[in-house]
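Keep in mind that this is a model prediction, so the values were computed, not measured. Lettering of chains follows the sequences in order, A, B, ..., and the numbering in each one begins at 1.
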Amino acid sequence: MEESRDGDWTLVARKPYFGLPTACPVCLPVYIYLKFARCPFNLEINSAYPDSDQIPYVEGGTYVAYNNEKGGVIQQLKQDGVVDLDSEFSSLPEWVSMKAMMSSWLADAITYELWLGSGENSAKQIYYSDLPWVIGKVLFVKQVYDVKQRFNISKQNAEKKEEESERMAVIVSTIASANTMSKNKLFHPCRPTSLDADLVGHVLFTLKALPEDSVIRAALLEHGNLVRYAERHKNDFLTSGQSSASASNFQPPPSAAQARLMESLSGSKPKRKPKREKTEEEKSFQRKAKYFIGAQLVAVLLFLSLLGSSSKADLDEDDED
Amino acid sequence: MAKPDEFKPDPPSENPKTEADDTDDENGDGGYEEEVEDTEEDELDEEEEDEPEPEPRVRTPQSAVRMQRAKLEGLFQRLQTQSVPLRVHDVLIKGNTKTKDYLIESEAALLKNCTTMQEILEVSRAVNFRLQALEVFDSVKITLDSGPPELPGTSNVIVEVQEAKSPLSGEIGAYTKAEARSSTVEGTLKFKNIFGHGDLWDGSFAYGWDHISELSAGVHFPRFRGSSFPLDVRAFLLSQDWLQFSSFKERSMGLSVALLSSRNHDLVYNLGWRTLTDPSQLASRSVRRQLGHSLLSSLKYTFKVDRRNSTLRPVRGYAFAATSQIAGLAPDSRCSRFLRQEVDLRYAIPLGILNSALNFGISGGIVFPWGAGFKNMPSPLPDRFFLGGNSSPISSLGGPTTVWGYRTRGLGPTESRRQLKSNDGDTEDAADPGVDFLGGDLAVTAFADLSLDFPLKWFRDRGIHGHIFASAGNLERLTQNAYKDFSLQKFVSSFRTSVGAGIVVPIQPFRLEVNYYYMMKKFEHDRGKPRFGVTFSM
């Protein structure tokens, strides 16, 4: 990893809660990603800006990777050559499709559940418990409104949207569960990727932060291997001694480290590892993965076509009315 | 606003009310006509009853006028040479259909303590002025009438008001409010006396020199629940853009209540929701840590005494101001908590030649958080001290704000902003993002200014004069354990200094200066260089 020394990297995220180092479903995958990368960093908490789309962000010296730029913090860290766990897989179609499902369907389902479903109390604890009551109340109402606008939810289609969201979460869980059936990692047997970070983050958040009556949580609990997979990784990075993740550990970056960071960022194209010959096991794995992903894609297409036809039927009913 | 119809003279034939006449002030005694003293007439009548009645004389109109005039002249002489004992028996109010009696009675309460006619006339003038200042009357007329016959030596005061025909009015002006941080130019729409308590409701938009804009609505009660102090309540929406200097924007909305407002004292309570944002996403680390929402609940007390002959061109006298602010006055411990203190001292010494004067001034301020873990907490960014700007330190008494010659927020602790990569991915070639000025927890400024008239009469007639000045100032951080490294010697040795000369043009109520500045001592990131500049203050 391109890094500066002396632990000058800092991840600014939301507050810890529910036994998680950061209880925000957007911040947790970034945290886990940095842990997977064995990157020493400080964790700082920002409780005063719950409606900011800049958080989480990673900073080191004068370098900052904001969440609302270049596709997110992880994507920006990869593009800037700071840390890249996906260099060998990011061009594979199966990788792209899994990543898309994780970052859209599963993330949207969790967002829906957190702000519009049974996770309302969890949202208040995570985002507004450190703000004065009046401010927290107003910001919560505003956020709920923004989420409704984002998902285009109205009184007429609220139920349908909820069912749709749950269905998507169930599908992604099923796919992810199948891929983790026999392996420690989601996509690569030897090392984790950002996909693992996303899945572990989302699963842990769903299990720990959402209430017991959450539909998504119940669907996830049906896949024991997913739960075990997430718990295993959580134990790994919580017991890992390489990172100093202490909250509110603010230290201004020393100038020497800043210079090193600037040097490290200049002309920073990631060095490619020399290609090595693939073993029989890896070839077999890739072949099976392609067949399985192909089957899942067909299932998704069937689902979308069914969904489209039911929407069309609803529209026809509305026209008749 | 209609000119007050204070006092009108009675035509000689009318009897018996007397009114003070401002226009016939030939003797310079306030221009009041005589009062026909019924009490003296009563005494004369009583005396006459004991004597055998003389033969009735026939009075012609001319002789009546002569007698009246003689009596008036006699009264004028008595008023000039001796006290004429007279007490106020009652204050009668007329003309108020909407305005509550208590409001006018409380303004006229001082009349009841008067013991002489001269005192009554003096106090009547003051009462008239105060009633006009309420801005709810088109005219105010105060008349003295004879008291009840059974109480000799008394009079009744009749206060006749004409309420404003139009409750709506508009104004544009320059103000310095207690709850505002600086002087502003403001446009206001007012609704007057809606509930009859002398209440003034207004909506206003203000723009200040330090990139501040404010939309507010408020109500002013001259006497709230019988107290002698006015009450001001304002709801405000305030916006300040500091992106260029410190990479953040501030937006505040809330309530401001002026609890006490008099000549020397101001007590204001502020409750506000403050949000700091960085839309540019270039902020330095220290500024990034301060972005977000906070609740400000604070009490601010200002004591001010200004004995200078003028604020635009002080030639003699002194001024002193001290402002104390405590924030965090709320049961919720999650609001912003800090203590802030400012002190200003100004002194002007006349030199006697060409109307010249030497002005000295020193200002200081300190801000510190309080509460659990306060030693490790930073002070709130918007409440720190920032030095620099285009205002003159001579006129203003608002704490340490200006060092002549330095641009807005142009000196003090800085931090590098976020570095962006250039389009080709090479950071070294990326444009320098600059620095953020972070302000200081401790600030001190001082100045000395010599002003003198130009020899030409044309300049003297218009108050245009020249001045030579020197100023110094410095900022230092104390919070987050930085106070442990604080050294007075180092603080003094790192003072920035500047000198200059210029022309001052007083344009009421502003002081316009066109100056040349030269920096004697500056540091690497300070924004000041030898140049011509204009300052504007009030």
Side-chain angles (χ1 to χ4, degrees), chain A residues 2 8 10 12 14 42 44-55 57-70 76 79-82 127-139 142 248-253 255 258-259 261-270, chain B residues 247 253-254 271-297 328 330-337 373 376-378 380 413 415-422 424-430 432-436 438 477 480-482:
Chain A
E2 301 281 358
D8 274 339
T10 302
V12 177
R14 311 279 184 213
N42 296 318
E44 282 201 31
I45 304 303
N46 184 307
S47 302
Y49 208 178
D51 53 334
S52 169
D53 56 357
Q54 296 171 354
I55 296 173
Y57 60 86
V58 172
E59 60 181 27
T62 57
Y63 172 82
V64 184
Y66 283 113
N67 181 58
N68 60 350
E69 290 177 341
K70 293 183 185 175
Q76 204 176 155
Q79 279 186 14
D80 294 338
V82 176
Y127 294 98
Y128 307 112
S129 56
D130 287 346
L131 283 175
W133 180 84
V134 170
I135 295 177
K137 194 75 182 170
V138 173
L139 289 177
K142 182 175 170 293
S248 303
N249 186 17
F250 172 68
Q251 295 169 5
S255 56
Q258 186 172 341
L261 170 66
M262 299 304 293
E263 288 170 11
S264 72
L265 286 178
S266 63
S268 55
K269 286 187 180 177
Chain B
S247 296
M253 63 176 84
L271 179 66
W273 173 355
R274 188 157 64 186
T275 305
L276 304 187
T277 59
D278 173 28
S280 67
Q281 300 197 167
L282 289 175
S284 59
R285 188 173 182 147
S286 296
V287 175
R288 287 199 295 269
R289 293 293 181 275
Q290 298 254 0
L291 300 180
H293 304 275
S294 61
L295 186 71
L296 180 69
S297 170
D332 197 329
S333 62
R334 296 168 290 189
C335 59
S336 200
R337 289 176 162 181
N376 298 322
M377 287 160 47
E415 192 169 307
S416 296
R417 287 176 177 164
R418 177 194 182 196
Q419 184 85 25
L420 290 175
K421 279 192 165 183
S422 61
D424 60 2
D426 190 349
T427 313
E428 286 181 352
D429 289 340
D432 180 18
V435 295
D436 284 334
L438 304 177
R477 282 191 60 202
Q480 291 182 295
N481 293 310

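Within the model, atoms CZ of B:Arg288 and CD1 of A:Ile55 stand 11.0 Å from one another, a figure rounded to the nearest 0.5 Å. We find the OG1-CG distance between A:Thr62 and B:Leu282 to be 11.0 Å, quoted to the nearest 0.5 Å. Distance check: A:Leu131 CG to B:Trp273 CH2 gives 9.0 Å after rounding to the nearest 0.5 Å. The line from CG of B:Asp278 to OH of A:Tyr66 is 5.5 Å long, rounded to the nearest 0.5 Å.
For the residue pair B:Gln281/A:Asn68, the side-chain donor-acceptor check at 3.5 Å is satisfied. Under 3.5 Å, the side chains of A:Ser47 and B:Arg334 contain no donor-acceptor pair of N or O atoms.
With a 4.5 Å cut-off on non-hydrogen atoms, B:Arg417 touches chain A through its backbone but not through its side chain. When heavy atoms are compared at a cutoff of 4.5 Å, B:Thr277 approaches chain A by way of both its backbone and its side chain. Only the backbone of A:Asp130 comes within contact range of chain B, judged by heavy atoms closer than 4.5 Å.
Annotation for A:Asp51 and B:His293: closest pair OD1-NE2, 2.9 Å, computed over non-hydrogen atoms. Contact between A:Ala48 and B:Leu291 at its shortest, heavy atoms only, is CB-O, 4.3 Å.
Looking at heavy atoms from C-beta onward, B:Arg289 lies in side-chain contact with A:Val12 at the 4.5 angstrom threshold.
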